[in-house]
Amino acid sequence: MMIKLLAVIERDLKKFRRNPIVLAMSILMPIIYLVILGNSFQGKLTDLPVALVNQDTGPFAKRLVENLMAIQAGPRTFRLVDLTDQQKAVNGVRAGLYKAALIIPEDFSKRMTVAGRPDLGLFLDNTDSISADNIRSLILAAAASLGVDYVPIREVTNQPLLRDINLYPKVDYYQSLVPGVVIMAIFLGTLTTGAFNLVMDRFLGIDESYLLTPLTKADIVSGLIISGLGITLMNAGLVFAVSLLITGIPISRGLLNFVPLFIIVALTTLCLLSLMFAILGRIKHPRIVGVLSGFLNVILFFPSGSVYPIASFPGWLKGFAAINPEAYAVDALKSVLFKGAGMTGVMGDLMFLVLFTAVMMTLSILTFKRTL
Amino acid sequence: MQNDKAITVSQITKKFGAVTAVDGIDFEVPRGEFFGFLGPNGAGKTTLIRMLTTILKPTSGQAIVSGFDVAKDPGEVRKHIGVVPQASTSDLDLTGRENMDLYGRFYGIKAAERRERIKNLLDTVGLAQRADDLVATYSGGMRRRLEIARVLVHSPALLFLDEPTIGLDPQSRRVVWDFLRKLTEKASMTIFLTTHYMDEAESLCGRVAIIDTGKIIALGSPAELKANIPGNDIITLAVGKAAPQDVAGAVEKLPFVHKIKPEEGGEIRVYVDNGPKDLPALIDAARAVGGEITSASVHEQSLEDVFIHYTGKSIREEEAKKVSFFIGAGLPQRLGR
């Protein structure tokens, strides 16, 4: 019994070892994802070109321009381009030369002092809503202080003051991606081991020779799951360690929580391996795996809460997240890594993963055929 | 379960949708026999072998292999048989020795015994030198030899070979033939082989079943099968000097001559029992009436003629490969009838 199971495991490990590119890719890729994801969502906007047409020579226009120059010098969100022709500025926005055009009309200062609403014209390229919102709020802030003649020295006492108290050590966005990246490494590992071996053997036609031996269904399924678990754990462990180093999460925090982290990672791996078995159990062509992999990665990873909080999802997507194993895995990893939760804190997540694994495993044993 | 039959098949049938690949076949193979299934591509040979070796479920009918029912006790059947499938099934990422070792372990053979047996088998098939190279570097003939050696690691008493020499060069085919012959002679193994090569069936098999469109159309030893069809061997004589009809008249009286057919250009075709043996007597008879034989050719009746006799078509007609439109990429659908 054991001798057969071990043979299945050893075959898989040997074949994996002889394909070092797969190993290198499955470790490198999630780390590159981390770097790219970390820099493509959280980055600050800088140097957005904004056309400025100042037709007013009064003091308030001068102060407004000074305020805008301060932003240009400080956070550098936008870069002002002085123009005299209003039409030229608007056309520039249309042509994509500027993200916005700010028009200060000639009666601006007059309206500020005398009664009457002072107007500012802002033409926005609203196809890039994130940039447009940023520019809008900054210009609004720059204009808001114009009418205020003094800054109050004392706080207004009758207004409630909100004091922020952070419960946990500060986590920046980059670090908050680490659980997601580890889950991604697990996903890639489980996709290219376990059931994928069945698909490859079927495609190459060598499954026939294995089916002809006394290997049982249990030998084949459990052997492939065990070797897939081993390979994926190794990958995920390396990705985990490198991610901690890159993002500056103290390694000690990883080591201190080694046991819960290991259990979460191992359980997630089993969970995804059994999911793959259920999905790929009867697939005969690797191209189908290729098509499925991109799809599965997107539908499991993005609603997992690793990039953006689940609370922001619409109802139907929240419903999907509720049955998405990656969401539970990310939650568990975040709890342990950032909140220092122990085993008891993540018991709910672990229970779900166990249940999910059991269901998928049953499904895969039912669908796996011992015949051609 | 002691039984003098290695294989007993009754009314076995396999349908793939509307297509009946194997259509109610009956036969028995006694232990120790070298039994062949001869038929064109698509006749149902591979489907039959897959049912007998438990990896395809029969639609109906029964097969007892090595004393066990393939449908009810597939696990037991697998333990007692060895199968070389038609397609190359060696693991390319592993070495020849590793391929064999894994197989030994799948059958639960102990390490020391495995090592010894694998070494001997690799020697026998002439792969000892390349045993530790990856199979990816082997030629087609070497892979086939490895697969035949691999299937013997657990010393099965019954061996199934599906088109074992397909795609091999003539020299590699000889090597495989000699090796298989030795197995039945020395190890008294029962061998069940399918082939679409006439010469292979004729030179290896004790008995041959001819299969076409899922049915057995003839069964017997190659000699019996040939004897059963009318006509027998054909000797074509070119006659000089004397008139061909005189020669024909003289030859016709010989006891082993069945029929005479004059051909154009003074040639006559003589249908005899045994071409090579009867030729000298035929020439003597022609000379006795003053005829001179300027040339003679002998066409021995083969299983090909048997096949043509029963089916009215040549066995060499190839069927177009089936392609799955769902999977695409020109992948042959591996139903392999």
Side-chain angles (χ1 to χ4, degrees), chain A residues 1-23 192-193 196-220 223-224 227 280 282-292 368-372, chain B residues 46-47 49-51 53-57 70-71 74-95 98-99 101-111 114 134-136 147 150-151 153-154 156 160 162 324 326-329 331-336:
Chain A
M1 178 62 215
M2 273 314 271
I3 186 171
K4 288 192 269 172
L5 181 64
L6 287 175
V8 175
I9 297 170
E10 196 185 308
R11 164 175 183 257
D12 197 21
L13 293 180
K14 267 200 175 118
K15 285 167 72 99
F16 181 77
R17 210 186 60 207
R18 298 214 168 121
N19 221 330
I21 292 175
V22 176
L23 174 67
T192 49
T193 60
F196 185 65
N197 289 295
L198 287 181
V199 180
M200 274 321 279
D201 283 353
R202 280 191 198 120
F203 180 65
L204 296 172
I206 54 179
D207 62 327
E208 193 172 349
S209 65
Y210 293 98
L211 296 178
L212 286 163
T213 66
L215 287 177
T216 60
K217 231 178 181 183
D219 287 329
I220 298 173
L224 288 178
S227 63
L280 303 178
R282 290 195 178 187
I283 303 289
K284 291 184 175 142
H285 200 297
R287 185 178 291 166
I288 298 176
V289 182
V291 171
L292 275 176
F368 180 68
K369 267 168 68 188
R370 182 64 181 73
T371 51
L372 280 182
Chain B
T46 300
T47 303
I49 226 170
R50 283 179 174 171
M51 286 193 287
T53 58
T54 75
I55 54 171
L56 259 189
K57 286 209 164 65
V70 293
E76 282 303 317
V77 173
R78 281 181 211 126
K79 277 184 205 162
H80 293 91
I81 60 171
V83 190
V84 181
Q86 183 173 340
S88 182
T89 52
S90 318
D91 220 315
L92 302 183
D93 300 338
L94 301 178
T95 68
E98 284 168 344
N99 261 288
D101 190 58
L102 278 175
Y103 263 74
R105 289 160 71 180
F106 292 162
Y107 287 92
I109 301 167
K110 297 270 179 302
R114 227 161 49 215
L134 291 184
V135 174
E147 280 150 18
R150 184 179 69 177
V151 83
V153 171
H154 64 291
F160 289 89
D162 193 2
S324 158
F326 178 62
I327 295 171
L331 179 78
Q333 198 165 37
R334 296 182 59 259
L335 296 177

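Each chain gets a letter, A, B and so on, in the order its sequence line appears, and its residues count up from 1.
Remark: Thr192(A) pairs with no residue by the side chain to side chain contact (heavy atoms under 4.5 Å, CB included) rule, at least two apart or across chains. Lys79(B) is linked by a side chain to side chain contact (heavy atoms under 4.5 Å, CB included) to Pro214(A), Glu76(B), counting only residues two or more places apart in sequence or in another chain.
Atom CD1 in Ile55(B) sits 8.0 Å away from atom CG in Asp207(A) (nearest 0.5 Å).
A 4.5 Å side-chain heavy-atom check between Glu208(A) and Arg50(B) finds at least one atom pair inside the cut-off. Residues Met200(A) and Asp93(B) form no side-chain contact, since every pair of their non-hydrogen atoms from C-beta on lies 4.5 Å or further apart. Considering only heavy atoms from C-beta on, Glu147(B) stays 4.5 Å or farther from Ser209(A) through its side chain.
Minimum heavy-atom separation, Thr54(B) to Thr371(A): O-CG2, 3.7 Å. The two residues Arg11(A) and Leu94(B) come nearest to each other via the heavy atoms CG-CD1, 4.4 Å. Between Leu56(B) and Leu372(A), the shortest heavy-atom contact is CD2-O, 4.3 Å. Thr213(A) and Tyr107(B) make their closest contact through CA-OH, 3.6 Å (heavy atoms, listed as atom of the first residue, atom of the second, distance). Contact detail for Arg78(B) and Leu212(A): the closest heavy-atom pair is CG-O, 3.6 Å.
Contacts between Arg18(A) and chain B at a heavy-atom distance below 4.5 Å involve the side chain alone, from C-beta outward. With a 4.5 angstrom heavy-atom cutoff, Ile109(B) touches chain A only via backbone atoms.
Ranked by heavy-atom pairs under 4.5 Å with chain A, the first of Asp91(B), Asp101(B), Leu92(B) is Asp91(B). Among the candidates His154(B), Glu98(B), Arg105(B), Lys110(B), the residue making the largest number of heavy-atom pairs closer than 4.5 Å to chain A is Arg105(B).
Annotation for Lys57(B): atom NZ does not count as buried by contact number, only 12 or fewer foreign heavy atoms lying within 6.0 Å.
Tyr103(B) and Tyr210(A) have tilted rings, their planes meeting at an angle from 30° to 60° on a 0 to 90° scale.
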